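Have a look at the structure below before the remarks.
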Amino acid sequence: MNTRPVNLPTADVADSLSHFHQRAPLVHCLTNDVVQSFTANVLLALGASPAMVIAPEEAAQFSALADALLINIGTLEAGRAEAMLAAIEHALPAGTPWVLDPVAVGGLTYRTGFARRLLTLRPAAIRGNASEIMALSGETSRGRGVDSRDDSLAALPAARELARRSGAIVAVTGAVDYVTDGERAWAVPGGDRLMTRVVGTGCALSAVVAAFCALDGDRLQHVASACRVMSRAGELAARQAGGPGSFIPAFLDSLYQQRAEEWV
């Protein structure tokens, strides 16, 4: 259990991406106001279909129709919390997998309590930075808002414990991402520091994780593959970009151009 995870095989990424393109999942995104447009564009670039339905009555109905549901608590308030709970309540009996992005958990009491309440509602996956995952698991973290001051590898034991306790696949992201089901774990390298200089790459990754959770088969493999597809797009985009302004269009193009056969 203490052995450092090895890198996810590229053949697994190819398999997951091939299934993803065949499925073209419809993802219901209850996400924060800052990143809605970027998140939608990321999903569209990959070939998925995004929807942002936020009224509680409609969120409940739509979550049962979607292939996956994202719950991102970045701009949490009472009305949004009501919609999130309604969406999850109707997603579960419909078999719609849902993903939690515990934005800034640990530093703020309201969102931390709400996120821990959501843990009892059987998320399929949880995606957060090291500080968020450590705080959600009950450990002391050094997060500052959405910024992590903790190392992703140092957070892996907390991620394993959180996965065992919640039943979810847990992805802790950083310079290297680590994805675990509590027993098995994959390391996912790649990306570029420019991904931290634009708004929304982490939140968009959570939406992509939700989309990959809609696939049949090994969910650990699919979540890790979602992380690798995104980190690879960041690598390729950074080679072309002169800075944050040109990075975003290059990033979307890189996602659009990825094909399963390139990973074999």
Side-chain angles (χ1 to χ4, degrees), residues 5-25 27-29 31 39 42-43 46-48 66-72 91 95-103 118-119 121-130 132-133 136-137 152-153 155-156 158-174 176-191 195 201-234 255 258 260 263:
V6 297
N7 290 352
L8 177 72
T10 56
D12 285 0
V13 183
D15 177 70
S16 293
L17 190 58
S18 176
H19 282 86
F20 178 89
H21 285 150
Q22 292 170 23
R23 180 71 183 271
V27 186
H28 182 191
C29 300
T31 191
T39 297
V42 164
L43 289 171
L46 276 171
D67 294 313
L69 169 66
L70 168 66
I71 300 294
N72 174 307
T96 304
W98 72 274
V99 171
L100 172 62
D101 187 335
V103 179
L118 294 183
L119 284 181
L121 301 178
R122 307 194 303 278
I126 301 165
R127 199 294 311 170
N129 65 38
E132 291 163 346
I133 295 301
L136 193 59
S137 71
S152 56
L153 182 58
L156 180 56
R160 289 187 192 270
E161 177 56 30
L162 184 59
R164 287 191 289 265
R165 195 163 71 237
S166 66
I169 303 299
V170 177
V172 51
T173 53
V176 176
D177 301 339
Y178 296 96
V179 185
T180 181
D181 62 3
E183 300 299 329
R184 300 175 295 159
W186 289 116
V188 181
M195 297 178 76
T201 53
C203 295
L205 170 57
S206 295
V208 174
V209 166
F212 274 71
C213 280
L215 306 181
D216 295 328
D218 186 351
R219 183 162 284 163
L220 177 67
Q221 171 190 314
H222 294 326
V223 172
S225 294
C227 293
R228 187 63 187 108
V229 165
M230 289 284 279
S231 70
R232 178 60 173 162
L255 290 172
Q258 284 200 51
W263 287 94

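Quick note: residue numbers are just sequence positions, from 1. Note that these values count all heavy atoms, side chains included, but never hydrogens, waters or copies made by symmetry. Owing to the predicted nature of the structure, the values given are computational and were not obtained by experimental measurement.
Applying the salt bridge (charged side-chain N to carboxylate O under 4.0 Å, His left out) test to residues at least two apart or on different chains, the pairs with a partner in residues 203-218 are Arg184-Asp218.
The two atoms that bring Cys227 and Val179 nearest to each other are SG-CG2, 4.1 Å, heavy atoms only. Across every non-hydrogen atom of Met230 and Thr201, the tightest pair is CE-O, 3.8 Å. Looking at every heavy atom in both residues, Leu17 comes nearest to Ala260 through CD2-N, 3.8 Å. In terms of heavy atoms, Leu220 sits closest to Asp181 at CD1-N, 3.8 Å. Between Ala130 and Val172, the shortest heavy-atom contact is CA-CG2, 3.5 Å. Heavy-atom minimum distance, Cys213 versus Val223: SG-CG2, 3.8 Å.
The backbone N or O of Val176 sits less than 3.5 Å from a side-chain atom of Ser152, completing a donor-acceptor pair. Formation of a donor-acceptor pair under 3.5 Å by the Ser16 side chain with backbone atoms of Asp12 is found in this model. A donor-acceptor contact shorter than 3.5 Å is absent between the side chain of Arg127 and the backbone of Leu100.
Residues satisfying the side chain to side chain donor-acceptor pair (under 3.5 Å) test with Ser166, not counting sequence neighbours, are none. For the salt bridge (Lys or Arg N to Asp or Glu O under 4.0 Å) test, no residue two or more places apart in sequence or in another chain qualifies with Asp15. Evaluation of the ring-ring contact (aromatic ring centres under 6.0 Å, His included) rule for Tyr178 yields no partner, not counting sequence neighbours. Under the side chain to side chain donor-acceptor pair (under 3.5 Å) criterion, Thr10 pairs with no residue, sequence neighbours left out. For Arg219, there are no salt bridge (Lys or Arg N to Asp or Glu O under 4.0 Å) partners two or more places apart in sequence or in a different chain.
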Q) Would Arg228 and Ser231 satisfy side chain to side chain donor-acceptor pair (under 3.5 Å), going step by step from the backbone distance to the final call? A) CA-CA 5 Å; Arg228 187 63 187 108; Ser231 70; 2.7 Å; yes
Q: Show your reasoning for whether side-chain contact (heavy atoms from CB on, under 4.5 Å) applies to Trp186 and Val6.
A: CA-CA 6 Å; Trp186 289 116; Val6 297; 3.7 Å; yes
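Between the side chains of Gln258 and Trp263, a donor-acceptor pair is found at a separation under 3.5 Å.
The CG atom of Leu43 lies 9.5 Å from the CG atom of Leu255; values are rounded to the nearest 0.5 Å. Atom CZ of Arg164 sits about 7.5 Å away from atom OG1 of Thr180, to the nearest 0.5 Å. If you take CG on Asp177 and CG on Asn129, they are separated by 11.0 Å, rounding to the nearest 0.5 Å. Within the model, atoms CG of Leu215 and CZ of Arg23 stand 7.0 Å from one another, a figure rounded to the nearest 0.5 Å. A distance of 6.0 Å separates CD1 in Ile133 from CD1 in Ile126, rounded to the nearest 0.5 Å.
Looking at Asp101 and Cys203, their side chains come closer than 4.5 Å, going by heavy atoms from C-beta outward. When side chains are defined from C-beta on, Pro25 does not count as touching Phe212, because their heavy atoms never get closer than 4.5 Å. Side chains of Pro5 and Leu156 form a contact here, defined as non-hydrogen atoms less than 4.5 Å apart. Using a 4.5 Å cut-off on side-chain heavy atoms (C-beta onward), Asn72 and Cys29 make no contact. Contact check for Val229 versus Val208: no side-chain heavy atoms found under the 4.5 Å cut-off. Side-chain contact between Trp98 and Leu70: absent, with no pair of heavy atoms (C-beta onward) separated by less than 4.5 Å.
The neighbour count for Arg122 CZ, taken as heavy atoms of other residues, nucleotides or ligands under 6.0 Å away, does not exceed 12.
Ring geometry for His19 versus His222: interplanar angle of 30 to 60°, hence tilted.
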